[in-house]
Amino acid sequence: CNKADLGPISLNWFEELSSEAPP
Amino acid sequence: HSIEQTEIADLPACDSLNPGNLQLVSKLKNPSGSCSVDVSAMWWERAGLKEPCIITACEYVVSLWKPLDTWQWKNIYTWHFTEVPVLQIVPVPDVCNLVCVALGNLEIRELRALFCSPDDGSEKQVLLKSGNIKAVLGLTKRRLVNSSGTLCDQQVEIMTFAEDGGNKEKQFLMPPEETVLTFAEVQGLQEALLGTTVMNNIVIWNLKTGQLLKKMHIDDSYQASVCHKAYSEMGLLFVILSHPCAKESESLGSPVFQLIVINPKTTLNVGVMLYCLPPGQAGRFLEGDVKDDRAAAVLTSGAVAIWDLLLGHCTALLPPVPDQNWSFVKWSGTDSHLLAGQKDGNIFVYRYS
């Protein structure tokens, strides 16, 4: 598969989603 | 307790697909008269000695077997149930001398912890939870997660056991607005937990904070997917799913497992690989287990099939013995063996290489 199909990738996705999600 | 087991049986043998991969090393005969439902392997400590034991479940009896020399097994503890039958064994990693079981008829009605009294060594069981339980999984760091209730009052609960198996703490995760069917830990991210839902979404939680981080919709080709394994690598989430409801396709054969990759930031995802049966083999996924880069499944044909997830193809097949289909299969958590069971109580231990 092509990585570009998946949009921008972040190595710190877990921390970023945790800071964005409601507590 | 007598030795109920066992000589090395000369059946069933692996078929010609790759006969070197599976070698029968031991057979264990569960003496209970009721239908055999599950098997697992776990560490159990007695008199200061930690041993890799096998645990078997029949409808109303759960038995623990210790290894003897020459691949024989001795039944050392037996727990009995009278009202509700056992559905599955729920091993809890990192807990020694305690195993959980799920009981119910079609759906899980109770979760119980099984252990032995430190005073007199007698078998004990405690009720951990009762109700309408949809999914349960033992997690690392002595945790057990379960989802229960109906859609509007769904609870996702984590219980944490003390090192000796006692004193459990409770914590709740934010429930998604749809029923959770299965859970999976994420290798490489200790505080992440995945769930699959009836709406074909994969949800992800932060186990530390209880936050529901994301709901990610996956391909609608397969309904009610079961998540067996997940790992995080290079900012992407790789997930091994099975598809109990998949239809056989002439072009692809029968997809039993699938590897998908998800970008958790965007929720965009794509299928990477389908793990199908070799040509000439038929059957759909009934139940299975994934450990490291190996997947095993019991198929509707009554056979067991094994895939190397890195190679991408089926590496071994155990055909059904005449009049005796395979009914469950597990990878041993204590070594690299495959435990395959039949309804009549026969458990076969294979070395897979």
Side-chain angles (χ1 to χ4, degrees), chain A, chain B residues 156 171-177 184-195 201-219 221 230-241 258-274 312:
Chain A
C1 65
N2 190 343
K3 267 190 179 182
D5 298 340
L6 298 169
I9 292 166
S10 167
L11 292 179
N12 298 317
W13 64 268
F14 188 71
E15 292 74 17
E16 290 171 17
L17 293 182
S18 297
S19 65
E20 293 161 11
Chain B
V156 184
Q171 178 206 346
F172 291 93
L173 306 181
M174 187 179 287
E177 290 161 345
E185 282 196 280
V186 182
Q187 288 173 16
L189 279 175
Q190 262 202 340
E191 296 307 331
L193 179 71
L194 284 194
N201 286 309
I202 290 183
V203 290
I204 185 152
W205 289 275
N206 182 326
L207 282 170
K208 209 169 197 169
T209 62
Q211 291 167 291
L212 178 64
L213 299 182
K214 210 77 173 178
K215 191 185 285 187
M216 305 170 284
H217 192 70
I218 52 171
D219 188 355
S221 324
Y231 56 96
S232 174
E233 218 170 86
M234 296 178 297
L236 296 170
L237 200 51
F238 293 81
V239 182
I240 299 281
L241 301 169
Q258 184 187 24
L259 172 65
I260 65 167
V261 59
I262 307 171
N263 182 349
K265 286 289 281 184
T266 62
T267 75
L268 294 170
N269 60 86
V270 61
V272 178
M273 196 175 303
L274 285 173

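Here is the naming used below: chain letters follow the sequence lines, and residue numbers restart at 1 for every chain. Side-chain atoms are counted along with the backbone in the values below, which use heavy atoms only and exclude waters and symmetry mates.
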Structural part of [X] lying under 4.5 Å from a heavy atom of chain A:
| X | answer |
| --- | --- |
| B:M273 | neither |
| B:L212 | backbone |
| B:S232 | side chain |
| B:E233 | neither |

Item to complete: With sequence neighbours left out, write down each residue that passes side chain to side chain contact (heavy atoms under 4.5 Å, CB included) with B:N269, or none if nothing qualifies.
Response: B:I218, B:I262

Closest contact, heavy atoms only, [X] versus [Y]:
| X | Y | answer |
| --- | --- | --- |
| A:S18 | B:N206 | OG-ND2, 3.0 Å |
| B:K265 | A:L17 | CD-CD2, 4.3 Å |
| A:A21 | B:L213 | CB-CD2, 3.9 Å |
| B:W205 | A:F14 | O-CE1, 3.8 Å |

Practice prompt. Quick one: list whatever passes ring-ring contact (aromatic ring centres under 6.0 Å, His included) with A:W13, sequence neighbours left out.
Written response: none

Fill in: Approximate separation, where rounding is to 0.5 Å, of B:Q211 CD and A:S19 OG
8.5 Å

Item to complete: Could you check if a side-chain atom of A:L6 sits within less than 4.5 angstrom of a side-chain atom of B:V270, using non-hydrogen atoms only?
Response: yes

Worksheet item: Counting only heavy atoms not in A:E20, do more than 12 sit closer than 6.0 Å to its CD atom?
Response: yes

